[in-house]
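As the structure is a prediction and not an experimental result, all values here were calculated from the model. FYI, the numbering just counts along the sequence from 1.
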Amino acid sequence: MNTENLTERVVEKVELAADVGTKVANMVGNAFESTIADSDPSSGAEEETILNYFMSFGIHILMVIIVILLKWQYDRNRYRYPKGPRDWRDIKDAISFHRKKRENLLNLATDYPDICTVLTHSGRLVLLNDPTLINEIFVGRADLVSNKVDGFLENQLRYKEGKHIRTGIVFRHQDHNVRIIHKALVNHIDNNLVGKRLDLAVQEQLKNMRLSENFDVRRTTFYFATRLLTSLSCSSTPISADDKTFELFEQNLYKISKAIHADTFQKSAKAMLSQLTGMSETLDINDNVLDYITTWIKQRRGGESKRSDNVNDEQVVTSTTKINNDFLDSILDVIDESSPNLDEDDIAACVLDIIMHGSEMLKGALSWLLLYVVKYPEEADTCRREVRDNGYTKFNLSSAESLVHTQAFVKEALRLSPVVPIIIHSTLQDFKWRKFHIQKRTQFGANIIALHHSAAWKESEKFDVTRWIGDNLSTIPAHSYSPFGFGPRVCVAEKHIFNLLTGILGTLLYHNDFEKTGPLPEPNEGTFGLANLPPKFSLKATQLSSRS
C-alpha cells in the first residue's frame, strides 16, 4: 500500500472518530437531560447529576486521547527517518546523550556508518556519519538553520520572541540580516583587524595571561579568550582588574560556561526541564550580561548622535567612509541595510554571540593544545625549538604560517579533539531527502568526531604530527577534516584561525615550559557544551629565559 492511500485512510479514521465522539457526547447529553427531567427534585437526583457530569467529562477526555493517538499514528506513517536507537526503550541513553558524547558518537558511527536517527533530550536527531552525506546536507542545502548544541544559552531565542531568531549570527546564515552581519564581520576581520589591531590585541592579552606555578587551565584560557574577544568586540570597554563592573561581567560569563560544561546527571535533568519550561538559572545570568552589552551600545550610539549634532549634513561621515574599530562598529554600519530593522536588543544578542561563542571556541582549543603539550613533551620541544629558531618572541599572525611543525601540532590536536564535536542544524520545513520524508524542526547532526576518526585516516587514534608535514599532506583524506564548521555557517575567522592558534601556542612555548601538577585527563575524554573541553586540570608554568 502506498503512502498516499495509507494517509487517506488514517485521515478518514480521524474524521470518523470525531463523528463518533460527537454522536456519543450528544447521546450521553440527551440521556442526562432525560434523567434530570424525569427524576424528582431530591438529594439522589443531585448526586446523579454530579456523577453524570464526571462521566461526560471522562468520555470527552477519552475521545481527545483517541484523536491524539490517531494523529500520532498518522505522523508515524507519513514521516520516514533513518533507522537508529530512537525508540523510547533507549530513553536512558537519550537523557545522558550529552555525557560520554565522544564514546556515543564513535559507537554510533561504528553501528551506523552512513546515517542513523537518535532520540535525545532535545528531540529527534538525524546523525550523519558519512562525509558525503555531511557535505550534502551541511554545505549543499539552503533550507537548514544552524542551532545550538546545548539548551542552556537559548535565551537568545527567547529574548525577543520571533525576532532574534531571524538575526542571531549563530542561527540562520541564509537569512538576510545574518548574511549582512556575517559579511560585515568577515570584512572587518580581513580589512581592519588582520595586520593592524589583532597582533597588538593578542599580544596585550598574552602579556596579561595569569600563568603561575599552578594554574587552572580552563579558567586561565577562559579569561584570556573573553578579554580578547571583548576588546575586539567593543574597543572602548575598559578591561582591567580595577574595573569592578567588567569583573562582574566576566564572572557571570564564567558561571554560564561552568553550567554548560557540568558533566552530571543533574545537568541532564535541568536541560530537559529547560526544554519543557523555558526556564533556567543561566538565563537569568544571561539577562545581566545582555544588560551590560546594551549599555555599551547605548553609549556608542549616544556618542555618535552627539557628534552628528555638532556638524552639518556635509560633514557627516557615512558608513562607506567610516573607519571601523571593532565588531560593534561593523554591526552598527549595516543597520540601514537590515530587514527587519535591527534594534539595540538584537545588536546586544549578536555581540554576546561573538564574545560567548568566540571565547568558548578559543578557550576549548587552547585547553586541548596545552593538554597535548604536556602529554607529548617531545613534540612540544620540537615546536619550541622551531619558534626559538624563528625568533618568534611576540605574536604575529602573518609570520605564524612559517611555524610549520607548530601548526601541524595544532591541526593534529584538533583532529583528535575537535572543539566542535558535533554540528547541529534543524529543518525549517518538511522536505524529502533521498528515500526519507523529514519533518520540520528535525535536527541534523554532522558527526565531526566520526569524521576525524574515520577509516580514511591511517591509524586514526594515533597522535601523529607528521601527517600534516611535507609530502604527507597529499594523503590527507578530502572532506574528512572540519574542526570549525561547514559552508556559509563556518566560523567568521576561519581563514585565519590556524595561524591565530599557531601564533598563540608558539608565543607561549617560547616563554614557558609546562608541566603537570597532578593527574591529567585523557585526550578521549571531554565535556560537551558550546564547545568540547577537556575535564578540569592544572599545569605548572616555568618562565624560560630568552637565551635558554
Using side-chain heavy atoms (C-beta onward) and a distance below 4.5 Å, is [X] in contact with [Y]?
X      : Y      : result
Leu328 : Ile293 : no
His452 : Leu414 : no
Ile449 : Ile422 : no
Glu204 : Ser231 : no
Leu253 : Ser359 : no
Lys495 : Ile189 : no
Leu232 : Leu198 : yes
Lys536 : Arg219 : no

Keeping the roles fixed (side chain from [X], backbone from [Y]), state whether a donor-acceptor pair exists under 3.5 Å.
X      : Y      : answer
Tyr392 : Leu403 : no
Ser538 : Asn214 : no
Thr226 : Tyr223 : no
Glu386 : Thr406 : yes

[atom1] of [X] to [atom2] of [Y]: how many Å apart, nearest 0.5 Å?
X      : Y      : atom1 : atom2 : result
Leu193 : Asn187 : CG    : CG    : 12.5 Å
Ser233 : Ile331 : OG    : CD1   : 7.5 Å
Ile297 : Gln299 : CD1   : CD    : 10.5 Å
Thr502 : His405 : OG1   : NE2   : 11.5 Å
Leu362 : His357 : CG    : NE2   : 14.5 Å
Lys540 : Asn512 : NZ    : CG    : 12.5 Å

Stepwise side-chain contact (heavy atoms from CB on, under 4.5 Å) check, Met209 with Ile504: CA-CA 11 Å; Met209 203 170 181; Ile504 293 174; over 6 Å; no
Residue pair [X] / [Y]: nearest heavy atoms and the distance that separates them:
X      : Y      : result
Leu185 : Ser330 : CD2-OG, 3.5 Å
Phe215 : Ala541 : CE2-CB, 3.7 Å
Arg384 : Phe514 : NH2-N, 4.3 Å
Gly364 : Leu533 : CA-CD2, 3.1 Å
Ile335 : Leu342 : CG2-O, 4.1 Å
Gly445 : Leu125 : N-CD1, 3.5 Å

Counterpart residues, salt bridge (charged side-chain N to carboxylate O under 4.0 Å, His left out), relative to Glu412 (two or more places apart): Arg415, Arg467
Trp296-Phe249 aromatic ring centre distance below 6.0 Å: yes
Sidechain N-carboxylate O distance under 4.0 Å for Asp329, Arg300: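 Here Asp329 pairs with Arg300 in a salt bridge, since their nearest N and O are under 4.0 Å apart.
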Check against salt bridge (charged side-chain N to carboxylate O under 4.0 Å, His left out), Glu250 and Arg227: CA-CA 8 Å; Glu250 276 187 314; Arg227 288 174 175 241; 2.7 Å; yes
From CA spacing to verdict: ring pair (Phe, Tyr, Trp, His ring centres under 6.0 Å), Trp468, Phe498: CA-CA 13 Å; Trp468 299 96; Phe498 282 119; 7.7 Å; no
Chi angles and distances behind the side-chain contact (heavy atoms from CB on, under 4.5 Å) call for Ile134, Ile423: CA-CA 10 Å; Ile134 289 175; Ile423 298 173; over 6 Å; no
Residues, nucleotides or ligands: over 12 heavy atoms within 6.0 Å of Glu515 CD: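 Atom CD in Glu515 is packed in, count exceeds 12.
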Side-chain donor-acceptor contacts of residues 366-373 below 3.5 Å, not counting sequence neighbours, with atom names and distances?
unit_1	atom_1	unit_2	atom_2	d
Ser367	OG	Thr221	OG1	3.2
Ser367	OG	Lys363	O	2.8
Trp368	NE1	Asn532	O	2.8
Tyr372	OH	Ser417	OG	2.8

Check against side-chain contact (heavy atoms from CB on, under 4.5 Å), Leu539 and Leu211: CA-CA 9 Å; Leu539 295 180; Leu211 299 178; over 6 Å; no
NZ or CZ of Arg218 within 45° of Phe537 ring axis and under 6.0 Å: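 Checked: cation-pi criterion not met.
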Chi angles and distances behind the side-chain contact (heavy atoms from CB on, under 4.5 Å) call for Gln407, Leu501: CA-CA 8 Å; Gln407 185 155 120; Leu501 293 173; over 6 Å; no
Ring geometry between His188 and Phe327 (parallel below 30°, tilted from 30 to 60°, perpendicular above 60°): perpendicular
Identify each donor-acceptor pair in which a side-chain atom of residues 393-402 lies under 3.5 Å from a protein atom, sequence neighbours left out, and give them as a table.
unit_1	atom_1	unit_2	atom_2	d
Asn396	OD1	Ser398	N	3.3
Asn396	OD1	Ser398	OG	2.7
Asn396	OD1	Ser399	N	3.0
Asn396	OD1	Ser399	OG	3.1
Asn396	ND2	Asp199	OD2	3.4
Ser399	OG	Asn396	O	3.4
Ser402	OG	Ser399	O	2.6

